[in-house]
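Everything numeric here is computed off the predicted structure, so don't read it as measured data. First the proteins, then the strands, lettered A, B, ... as listed; each starts at 1.
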Amino acid sequence: MSISGAPESTSVTAPDDFPAQYDPAATEAAIYERWQQAGAFTADASRSSRIGGDRDPYGILMPPPNVTAILHVGHGLNSTVQDVLIRWARMKGFEALWLPGMDHAGIATQNVVEKQLAGEGLTRNDLGREKFVERTAVFVKETGGVILQQLKAIGASADWSRTAYTFSPELSVSVREAFVRLYERGLIYRGHRVIHWCPRCLTSLSDEEAEGKDTSGALYHVSYPLADDPAQSITVATTRPETMFGDVAVAVNAADERYQSMIGKDVLLPILDLRIPIIADDYADPAFGTGVVKITPAHDANDFEVGRRHDLPMPVVIDAHGMMHEDADAAGRVPQELRGMDRFVAREHVVKLLEAAGRLVKKEVHQHSVRHCYRCDTVVEPRLSDQWFVRMAPLAEPAHEAVRSGRVRLLPEKHVGVYEHWMTNIRDWNISRQIWWGHRVPIWYCKECDPPQDVIASREDLTACPYCGCDVVQDEDVLDTWFSSSLWPMSTLGWPNEKSTDLRAFYPSDVLVTAPEILFFWVARMIMMGYAFMGDAPFHSVYLHGTARDTQGRKMSKSLGNGIDPMDVVNLYGADALRYTLIAGMGMGADVLLDPNDLDKSFATGRNFATKLWNIGRFLLMNVGSDAVRPFADIADSELNRADAWILDKLDAAIRECDRAIGPVHPLRGGVWAAEERASGLRLNEYADTARRFVWNEIADWYVEANKTRLLTPGNDQQVARSVLVHVFDQALRLLHPIVPFITEALWQRLPGHVNGTFLATSAWPVERHMADSDHRAADFDLIREIVDAMRRVRSEYALAPGKMVDALVIAAPPVRGMLEQESTL
RNA sequence: GGGCGAAUAGCUCAGUUGGUUAGAGCGCCUCGCUUACACCGAGGAUGUCGGGGGUUCGAGUCCCUCUUCGCCCACCA
């Protein structure tokens, strides 16, 4: 796709150039280009009322797509929602900033480049760290950011002059600053514990990045004989027999009468015949399995805790690649024949060995959740290692309170409970990754100094120890991509420079629009960091939209091949058709179902609507012409006829309902959402529906029809009709512009009296006009509509040919007869 | 194992605080190429609002229960 490669012939202002058929391909790119040239989307910080300007700011921060991403319907949905809101706010007179950007996406991007390397028969180790990072940076620079170009094609009115990147020099400064400050506050620490490890990506993962998947596995019951009385045994239940070489104890619950007498005795670890103790620990649940659990501290997070409590050794028997290997502590525990074997292959072997030894009591089917890497789907391995953690409880507290108090609202509200549960049970966040693509942990180690001076967190790169002057080495790890994402609302505005104009003008922003999947990955952490560094939440509303799914309800995805390429839709029907369809089909938080095999049907709603709009425009131009009409403001109330009064009344209603559906912009009082307004607004489907009804069922079906004769009859009334029609259509285009920006702009610029160089995108949102209460003309027109409806029904019932005239006037009462005579075109 | 949500027209879904004959888009049927539009217009059919019970003058809307789906969380090995 190409924005700039649009046909040059497009001239959207020439009134005589009005094709019978709307041609989005020939229109959209050119319009976008002109918006950009006019700086229509560039926010002016100096106009923000927060720093003395004349407009209240309104901000949306784009969830930064991965730098390697290409647009899919999910992005389309997400961006369209944001664009509707920002365009609405812009027209409402706010200094609107939609700040776009990209995420360097540590693991994901590294995986892409490693795959490339693999194609060349290389690994990242062949290149070495420096070369690998260089190569990745070049790759990102050359091919990254495609998605941002694609967003322009769907009309995204972001402020591209502020495009940010989580790995830019500027944002790297804020990442380092945040790390060091948290470290200095004691909120970042290094911990030695069992974490989630991806044996394919070769890095640790946070709890959120290790996704649980329900799996049908097996629970093996293995009997461990008592060391001093082999006739007796105790049976453990395990899902992972291959880890048994790392067993250092078996645990029972002290309250479990079955095993009380055995506590303190030893058992022999099968196959190895190693003595290990039977210990008592509450972790053992008498109700599960046999009530006896083997303790493998190096390969299970819970066992690790038990091991710590009982001061047990922690031999490692599986290596970083998920192969059977051992460290020095294991001292020959892994049998020779199993060494170097994949953990799952080893499992089968171990089971056979146990069977052969007569120690396998039974194997039962077991449903449980197994953690997988969210980037490559490999089964995650619990692994004992040193990692950097963020202490979350202190950070969570204000973030939790923010939602409870209404400073931040989550929509739809069903997510509030999930959020609170997570916040209440929050666990420390592992932020170090053993990959190369990302922000290096800003920690240096000095071999000469004693703790705590041997570990130095620094804002500047260090070459020598600040305490003793000797050499220091930097930590090898990089930070979780989501660490930099959590700073996005501040870092993109210039933090930590607190004098930054953007930061003062636009922090906090207003609405965050994203998918519920990343509520914890990202949203919750942004709120925490907002409080930690800015003392306030980064936004007041979180709009969590649904997912694009196929007709079978499956999430659209590349791997399933059931996706829809938004670019295909743009090329076939135009961006407006895509946008309108998505918005109209999306209830609050509801998924949008589309048929990837029938785009024509899936996007008929939007395409048909765009065509209708276009044709109303054509009617207007053909009947009114392109010369300026009498200014609507100069039309006296007394000059209006019933239809005019009626449509103006409907316009007021449409404005009111649209505003009500989208708004309110802010909490009405004190920056905090009152309970009764928490669920208000952001109903974009209602907005789309209202605007559509006004244009199609009110302007087109009735007002235009009622005006046909008037517009052909010279005289003052014709001038009034022209003026009102142009006014009403102009207002309708404004109401619709946030949803369907291209076609409305194209039509608006063709309206009689359009001033060259002005854009609908930057013009004002309609305000209600209010007819006098005593004005009955609108109600009269409604009466006429009802009569016409009734007549049509009767005609249809009696199967009267359309051309056949019926003298309805004969049966009508005199006052109505008069009105009907005047509305003869209906 | 907890928590949450959903079940409304053939399909996809709206129905904010309980109140007049339950709506939209797509699809379907009949008629119509009337000089903006057949990607259209006019008319029409289709719902015991998942089952059962309850509160109320009145419930798709509140309460209980059952059924079927879906999502999130979780150290029961």
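- In a base pair of the Watson-Crick type (N1 to N3 plus N6-O4 or O6-N4) or a G-U wobble (N1-O2 and O6-N3), with each distance short of 3.5 Å, B:rU34 is matched with no nucleotide.
- Listed pair A:Lys708 / B:rA36 meets the phosphate criterion, a side-chain N or O lying under 4.0 Å from OP1 or OP2.
- Among the protein residues, A:Arg693 comes within range of no part of the nucleic acid, since none of its heavy atoms lies under 4.0 Å from any strand.
- Base engagement by A:Lys612 is indicated by at least one non-hydrogen atom pair under 4.0 Å involving a base atom.
- Within 4.0 Å of A:Ala237, counting heavy atoms only, lies at least one base atom of the nucleic acid.
- You'll find the ring centres of A:Tyr374 and A:Phe521 inside the 6.0 Å limit.
- At the heavy-atom level, A:Gly291 lies under 4.0 Å from base atoms of the strands shown.
- Nucleic acid contact class of A:His366 (heavy atoms, under 4.0 Å, all strands): sugar-phosphate only.
- At least one cation-pi condition fails for A:Arg678 and A:Trp673: the charged atom is not both under 6.0 angstrom from the six-membered ring centre and inside a 45 degree cone around its axis.
- The side chain of A:Leu593 lies closest to B:rC13, out of B:rU16, B:rC13, B:rC26.
- The six-membered or imidazole ring of A:Phe288 lies near that of A:His366, with a centre-to-centre distance under 6.0 Å.
- Between A:Asp591 atom CG and B:rU12 atom C1' the separation is 12 Å, expressed in whole Å.
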